[in-house]
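For reference, the structure is listed below as structure tokens.
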Amino acid sequence: MKKNLFGLGVVLFALSLSACGQGNKTETAAKQETTVAGSEAAGESKAAGETTAAATEKAEVKEMKGDALAKIVADKEEKEKYLVIDVRSAEDYAKGHIKFALNMPLDTFKDEVSKIEDWKDKDVVLYCNSGKMSGEAAEILVNDGFTKVYNAEGVKQHSYDLTTFGNIRGAELMEKAKDALVVDAREAKDFEKEHFATAVNVNPEDTKTIDAILPDDKNALIITHCYSGNRSAKAAEYIASKGYTNVWNCLDGTKEISYDFSKGDK
């Protein structure tokens, strides 16, 4: 009987040791899982922090030589990839500026940045006379989240081919079409499909078609537009050469934005 009791005690003691061992293993495994989970969470937190930092990191303003900008402007396809902005005064802009350049004077630059929000992740080139004002404007853009900003040599640093007709964007064309003579330089078949009520159709390769529609008033508001700003720029340049002082070319063509042609109704 004593032997049996002794044997039973041994068995119970062994079972208790086994249970303790299992408990220790479970506790150790739980600690290991907690440690792994903590490491993963820390890694995710670090990665999230790095992503946020990268997203808020200010882009670097790059310098651009005058010959590089001149080459871009001269290429009909390449110029579509860049938005060129003249930050000088309206008076200096009117005297002569780089072809296809918008005018956004430094004095009011901050207030007009919203007009070019769609270029935030595209190439934006700024220039002035010497690079100083355009450098200030470039800093405003990168501080506002623009990612591809260039400060180009100014008109007093490089011998650019300058033009006197101005440039506007599509929204401004739709706003002013009803009060302007709109010179549509698209092909006749596209003009016939739809156009602004105040528009006349011309062939920029045939200046006689342009001469035929020009008003007597040399100060009349004239806006040219086409598919991408190239054909219309040619028409605008010719009209300006005839002594007209209020000529504007629309940079946004019908291939780039959808126009509400009813905006031209009187």
Side-chain angles (χ1 to χ4, degrees), residues 69-70 72-86 90 93-94 96-104 115-116 118-119 122 125 160-215 217-265:
L69 177 54
I72 290 170
V73 173
D75 189 316
K76 291 182 179 180
E77 293 184 3
E78 193 67 15
K79 67 94 176 170
E80 295 295 315
K81 303 173 185 176
Y82 293 82
L83 178 65
V84 182
I85 301 174
D86 185 328
Y93 178 81
H97 53 268
I98 296 174
K99 193 175 183 179
F100 301 117
L102 288 176
N103 185 212
M104 291 174 59
K115 296 179 181 179
I116 58 170
D118 54 322
W119 281 84
K122 301 176 185 178
V125 183
Y160 294 104
D161 290 329
L162 304 180
T163 59
T164 57
F165 65 86
N167 294 289
I168 60 174
R169 301 202 65 195
E172 192 171 352
L173 166 57
M174 286 189 279
E175 178 187 338
K176 295 181 175 180
K178 66 181 183 298
D179 299 315
L181 170 62
V182 178
V183 178
D184 191 325
R186 295 178 298 160
E187 293 181 9
K189 60 182 178 62
D190 294 316
F191 177 82
E192 290 168 3
K193 289 178 183 177
E194 54 181 354
H195 56 265
F196 291 107
T198 55
V200 291
N201 189 217
V202 302
N203 178 359
E205 302 299 331
D206 183 359
T207 57
K208 290 181 181 179
T209 65
I210 301 176
D211 289 331
I213 56 86
L214 292 177
D217 184 2
K218 295 288 187 177
N219 297 315
L221 174 59
I222 301 174
I223 302 176
T224 63
H225 87 106
C226 63
Y227 303 107
S228 62
N230 290 315
R231 289 167 62 93
S232 54
K234 189 166 186 176
E237 191 165 28
Y238 177 75
I239 295 171
S241 74
K242 302 290 285 186
Y244 288 84
T245 62
N246 199 9
V247 184
W248 301 83
N249 175 49
C250 185
L251 298 177
D252 299 320
T254 55
K255 286 185 176 180
E256 295 154 335
I257 65 173
S258 296
Y259 279 98
D260 178 359
F261 287 101
S262 67
K263 294 291 184 181
D265 295 342

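The analysis underlying the following values was restricted to heavy atoms, covering all of them including side chains, and did not include hydrogens, waters or symmetry mates.
A distance of 8.0 Å separates CG of L83 from CG of D118, quoted to the nearest 0.5 Å. Here the CD atom belonging to E187 is positioned 11.0 Å from the SG atom belonging to C226, to the nearest 0.5 angstrom. Atom CD of E194 and atom CG of D260 lie 9.5 Å apart (nearest 0.5 Å). The distance from the CG atom of L221 to the OG1 atom of T245 is 10.0 Å, given to the nearest 0.5 Å. Distance check, rounded to the nearest 0.5 Å: OG of S228 to CZ of R186 gives 12.0 Å. To the nearest 0.5 angstrom, I257 atom CD1 is 4.5 Å from D252 atom CG.
Contact of the K115 side chain with the M104 side chain is not registered, since no non-hydrogen atoms from C-beta on lie closer than 4.5 Å. Counting heavy atoms from C-beta outward, H225 and T254 have side chains that approach closer than 4.5 Å. Side-chain contact between K99 and D161 is absent, with no heavy atoms from C-beta onward closer than 4.5 Å. Between T163 and F100, the closest side-chain pair of non-hydrogen atoms is not below 4.5 Å. V84 is not listed as a side-chain neighbour of I72, based on a closest heavy-atom distance of 4.5 Å or more. Residues I223 and K176 are in side-chain contact: their nearest non-hydrogen atoms beyond the backbone lie under 4.5 Å apart. Under the 4.5 Å side-chain criterion, counting only non-hydrogen atoms from C-beta, H195 is not in contact with V182.
Between K234 and E205 a salt bridge is recorded (basic side-chain N to carboxylate O distance below 4.0 Å). In summary, R169 and E172 do not engage in a salt bridge, as defined by a charged side-chain N under 4.0 Å from a carboxylate O.
The backbone N or O of F165 sits less than 3.5 Å from a side-chain atom of H97, completing a donor-acceptor pair. Judged by distance alone, the side chain of Y82 and the main-chain N or O of L69 form no donor-acceptor pair under 3.5 Å. The backbone N or O of A177 lies less than 3.5 Å from a partner atom in the side chain of T198, making a donor-acceptor pair. A donor-acceptor pair under 3.5 Å is absent between the side-chain atoms of D184 and the main chain of N201, judged by distance alone. Using a distance-only test at 3.5 Å, with no hydrogens or angles considered, a donor-acceptor pair links the side chain of Y93 to the main chain of A101. Side-chain N or O atoms of K242 include none that pairs as donor or acceptor with a backbone N or O of K218 at under 3.5 Å. Using a distance-only test at 3.5 Å, with no hydrogens or angles considered, no donor-acceptor pair links the side chain of N167 to the main chain of L102.
In terms of heavy-atom proximity, A185 sits nearest to P204 at O-CD, 3.9 Å. For the pair N249 and S232, the tightest heavy-atom approach, listed with the atom from each and the gap, is OD1-OG, 2.5 Å. Scanning both residues, E80 and N230, for their nearest heavy atoms gives OE2-ND2, 4.1 Å. Considering all non-hydrogen atoms of both residues, T164 and A240 come closest at OG1-CB, 3.8 Å. Taking each heavy atom of D217 and Y244 in turn, the nearest pair found is O-CE2, 3.5 Å.
Sparse packing is recorded around NZ of K255, with 12 or fewer heavy atoms of other residues, nucleotides or ligands lying under 6.0 Å away.
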Test side-chain contact (heavy atoms from CB on, under 4.5 Å) on L162 and I98 and set out the steps. CA-CA 5 Å; L162 304 180; I98 296 174; 4.2 Å; yes
L173 and W248: CA distance, side-chain angles, deciding distance, side-chain contact (heavy atoms from CB on, under 4.5 Å) verdict: CA-CA 9 Å; L173 166 57; W248 301 83; over 6 Å; no
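Each of D211, V183, T224 was evaluated against V202; a single residue qualifies, V183, per the side chain to side chain contact (heavy atoms under 4.5 Å, CB included) test.
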